[in-house]
Amino acid sequence: MFSKKGKLIVFSAPSGSGKTTLVRHLLAQDIPFGFSVSATSRLPRGAEQDGVDYYFLSEVEFREKIAQNAFLEYEEVYSGTFYGTLRSEVERLWAAGKHVLFDIDVVGGLNIKKQFPKECLALFVQPPSIEELEKRLRGRETDSEEIIQQRLAKATEELAYASQFDRVIVNDDLETAQQEVRKAIEQFLES
Ligand code: ADP
Ligand code: 5GP
């Protein structure tokens with residue numbers, strides 16, 4: 001299925017922990033990384049753009065892609081809201097000679113690790129506390145109260161998966177977390 005192989009770097013964590021922030025920082029650096037744009041059936045948030053942040057699909061379109069086996073993995077992350085990694089994204093980035101960065105939920109992240117045990121580094125981004133996570137979700141000013149409550153309720157469940165990842169990065173001080181991520185990835189790429 002895949003012609004050329006770079007590495008796969010998975011970032012998983014409860015929503016609001018800082019995955020997007022850490023991934024954006026890496027994309028601005030000198031290592032050839034590309035971002036796997038996921039598909040989702042949720043609506044765009046804030047300034048999100050189709051094809052850049054996500055491929056925004058209707059639920060019907062999403063189900064069609066499931067039927068076509070277009071996903072490497074997909075999840076109904078929240079009830080009625082689907083997210084998935086398109087096989088075509090990994091192919092596109094590997095063909096361009098890039099290592100692929102994923103910002104996906106914990107189950108999806110472990111699923112990719114299972115499919116590519118050697119090529120994949122799975123990082124779990126842990127918020128310093130649930131209180132701080134709530135603060136960050138509110139500070140982002142992109143979600144309704146109902147969505148924030150839904151995400152917080154799921155966070156405790158997701159934190160229990162941390163030990164199954166290759167590395168846990170506590171995102172308290174941002175700069176420290178960025179350095180830790182960079183070091184972990186450099187070690188992995190050199191190994
Ligand atoms: P995720 O992608 O995991 O949902 P984001 O990267 O969107 O999380 O981060 C959630 C919010 O927290 C954003 O407003 C972001 O600027 C902020 N944030 C991220 N990392 C830190 C940090 N170390 N300290 C304080 N705020 C942070
Ligand atoms: P958000 O709506 O905040 O962008 O994302 C909600 C959750 O869905 C986050 O935990 C995010 O990592 C996850 N997610 C995003 N894309 C994918 C994907 O392709 N697959 C899976 N399994 N989860 C995803």
Side-chain angles (χ1 to χ4, degrees), residues 8-28 35-57 62 65-66 70-90 93 100-115 120 122-144 146-159 161-162 165 168-181:
L8 306 175
I9 318 285
V10 162
F11 287 81
S12 293
S15 180
S17 305
K19 296 180 298 293
T20 310
T21 308
L22 292 169
V23 166
R24 285 209 180 126
H25 178 73
L26 281 175
L27 287 169
F35 180 62
S36 166
V37 180
S38 293
T40 181
S41 67
R42 81 153 161 77
L43 294 173
R45 186 168 70 199
E48 285 179 338
Q49 288 175 40
D50 187 42
V52 177
D53 300 285
Y54 281 107
Y55 297 108
F56 293 100
L57 306 179
F62 201 103
K65 293 225 179 278
I66 295 174
F71 292 112
L72 201 52
E73 63 77 35
Y74 70 90
E75 287 289 317
E76 188 173 356
V77 175
Y78 304 106
S79 172
T81 309
F82 291 84
Y83 295 80
T85 304
L86 292 160
R87 293 178 193 279
S88 55
E89 280 297 286
V90 179
L93 295 165
V100 187
L101 302 180
F102 300 87
D103 170 346
I104 63 180
D105 90 316
V106 290
V107 175
L110 291 172
N111 192 341
I112 294 211
K113 176 76 189 175
K114 207 165 142 197
Q115 293 183 59
C120 177
L123 302 176
F124 186 90
V125 181
Q126 190 167 304
S129 63
I130 290 281
E131 291 72 25
E132 175 62 21
L133 185 70
E134 181 166 0
K135 230 160 102 190
R136 288 185 192 170
L137 283 170
R138 292 192 192 290
R140 194 161 67 180
E141 293 184 333
T142 49
D143 298 303
S144 66
E146 188 193 345
I147 298 275
I148 289 175
Q149 290 307 330
Q150 192 184 45
R151 282 164 193 253
L152 285 172
K154 186 150 187 182
T156 315
E157 235 174 78
E158 291 167 321
L159 286 170
Y161 285 84
F165 281 74
V168 175
I169 308 285
V170 178
N171 182 19
D172 188 354
D173 173 65
L174 182 57
E175 211 170 300
T176 308
Q178 283 168 341
Q179 281 167 7
E180 247 182 80
V181 165

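First listed ligand is number 1; within each ligand, the first listed atom is number 1. Predicted model, so just to flag it, every value in this text is computed and none were measured. We use all heavy atoms of the structure for the numbers below, so side chains are in, but hydrogens, waters and symmetry mates are not. We number each residue from 1, following the sequence as shown.
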Leu101 CG to Leu27 CG distance, which is reported to the nearest 0.5 Å = 5.0 Å
Answer yes or no for Phe71: is there a heavy-atom contact with ligand 2 below 4.0 Å?
-> no
Closest contact, heavy atoms only, Asp103 versus Phe35 | CB-CE1, 3.8 Å
Can you find an N/O atom of Arg45 closer than 3.5 Å to an N/O atom of ligand 2?
-> yes
Ligand-side contact atoms (ligand 2) for residue partner Arg42, heavy atom cut-off under 4.0 Å | 1 (P), 2 (O), 4 (O)
Ring pair (Phe, Tyr, Trp, His ring centres under 6.0 Å) involving Tyr74 - partner list, sequence neighbours excluded = Phe71
Any Phe11 heavy atom less than 4.0 Å to ligand 2 | no
Distance-only N or O hit between ligand 2 and Gly84, under 3.5 Å | yes
Considering only heavy atoms of Ser15, which atoms of ligand 2 have at least one such atom less than 4.0 Å away?
-> 3 (O)
Counting from 1, what ligand 2 atoms have a heavy atom of Lys19 closer than 4.0 Å?
-> 10 (O), 12 (O)
Can you name the salt bridge (Lys or Arg N to Asp or Glu O under 4.0 Å) partners of Asp105, sequence neighbours left out?
-> none
Hey, are the side chains of Val10 and Val100 touching, using non-hydrogen atoms and a 4.5 Å cut-off?
-> no
Can you list the residues that meet the salt bridge (Lys or Arg N to Asp or Glu O under 4.0 Å) rule with Glu180, with sequence neighbours excluded?
-> none
Could you tell me whether Tyr78 and ligand 2 have an N or O pair separated by under 3.5 Å?
-> no
Taking all atoms of both residues into account, what is the closest heavy-atom pair of Ala39 and Phe62, and its distance?
-> O-CE1, 3.6 Å
Any N or O of Asp105 that comes nearer than 3.5 Å to an N or O of ligand 2?
-> yes
Arg24 atom CZ: more than 12 heavy-atom contacts under 6.0 Å | no
For ligand 2, which atoms have a heavy atom of Arg151 less than 4.0 angstrom away?
-> 1 (P), 2 (O), 3 (O), 6 (C)
Working to the nearest 0.5 Å, report the span between CG of Leu8 and CG of Leu72.
-> 8.0 Å
Residue-ligand contact Glu158/ligand 2, heavy atom below 4.0 Å = no
In ligand 2, which numbered atoms sit nearer than 4.0 Å to a non-hydrogen atom of Ser38?
-> 16 (N), 17 (C), 18 (C), 19 (O)
Do you know the tightest heavy-atom contact between Pro14 and Leu133?
-> CB-CD2, 4.1 Å
Are the charged groups of Arg136 and Glu132 less than 4.0 angstrom apart, N to O?
-> yes
Charged tip of Lys113 within 45° of Phe165 ring normal and under 6.0 Å = no
Going by distance only, is there an N or O of Glu75 that falls short of 3.5 Å from an N or O of ligand 2?
-> no
Per-pair distances, ligand 1 N/O vs protein N/O, less than 3.5 Å:
{"unit_1": "ligand 1", "atom_1": "2 (O)", "unit_2": "Thr20", "atom_2": "N", "d": "2.9"}
{"unit_1": "ligand 1", "atom_1": "2 (O)", "unit_2": "Thr20", "atom_2": "OG1", "d": "2.4"}
{"unit_1": "ligand 1", "atom_1": "3 (O)", "unit_2": "Gly16", "atom_2": "N", "d": "3.4"}
{"unit_1": "ligand 1", "atom_1": "3 (O)", "unit_2": "Ser17", "atom_2": "N", "d": "3.3"}
{"unit_1": "ligand 1", "atom_1": "3 (O)", "unit_2": "Gly18", "atom_2": "N", "d": "3.0"}
{"unit_1": "ligand 1", "atom_1": "3 (O)", "unit_2": "Lys19", "atom_2": "N", "d": "2.9"}
{"unit_1": "ligand 1", "atom_1": "3 (O)", "unit_2": "Lys19", "atom_2": "NZ", "d": "3.1"}
{"unit_1": "ligand 1", "atom_1": "4 (O)", "unit_2": "Gly16", "atom_2": "N", "d": "2.7"}
{"unit_1": "ligand 1", "atom_1": "4 (O)", "unit_2": "Arg140", "atom_2": "NH1", "d": "2.8"}
{"unit_1": "ligand 1", "atom_1": "6 (O)", "unit_2": "Thr20", "atom_2": "N", "d": "3.4"}
{"unit_1": "ligand 1", "atom_1": "6 (O)", "unit_2": "Thr21", "atom_2": "N", "d": "2.9"}
{"unit_1": "ligand 1", "atom_1": "6 (O)", "unit_2": "Thr21", "atom_2": "OG1", "d": "2.6"}
{"unit_1": "ligand 1", "atom_1": "7 (O)", "unit_2": "Arg140", "atom_2": "NH1", "d": "2.9"}
{"unit_1": "ligand 1", "atom_1": "8 (O)", "unit_2": "Gly18", "atom_2": "N", "d": "3.1"}
{"unit_1": "ligand 1", "atom_1": "20 (N)", "unit_2": "Asn171", "atom_2": "ND2", "d": "3.0"}
{"unit_1": "ligand 1", "atom_1": "23 (N)", "unit_2": "Asn171", "atom_2": "OD1", "d": "2.8"}
{"unit_1": "ligand 1", "atom_1": "23 (N)", "unit_2": "Asp172", "atom_2": "O", "d": "2.9"}
{"unit_1": "ligand 1", "atom_1": "23 (N)", "unit_2": "Leu174", "atom_2": "N", "d": "3.4"}
{"unit_1": "ligand 1", "atom_1": "24 (N)", "unit_2": "Arg136", "atom_2": "NH2", "d": "3.3"}

Using a strict cut-off of 4.0 Å, indicate which atoms of ligand 2 neighbour a heavy atom of Thr85.
-> 19 (O)
Thr40 versus Arg42, side-chain donor and acceptor atoms under 3.5 Å = no
Counting both backbone and side chain atoms, is some N or O of Glu73 under 3.5 Å from an N or O of ligand 2?
-> yes
Proximal ligand 2 atoms for Gly108, defined as those under 4.0 Å from one of its heavy atoms = 22 (N)
Record the part of Phe102 in heavy-atom contact with ligand 2 below 4.0 Å; permitted values are side chain, backbone, both and neither.
-> neither
Using modelled atom types only, decide if a donor and an acceptor are shared between the side chain of Ser41 and the backbone of Phe82 within a distance under 3.5 Å.
-> yes
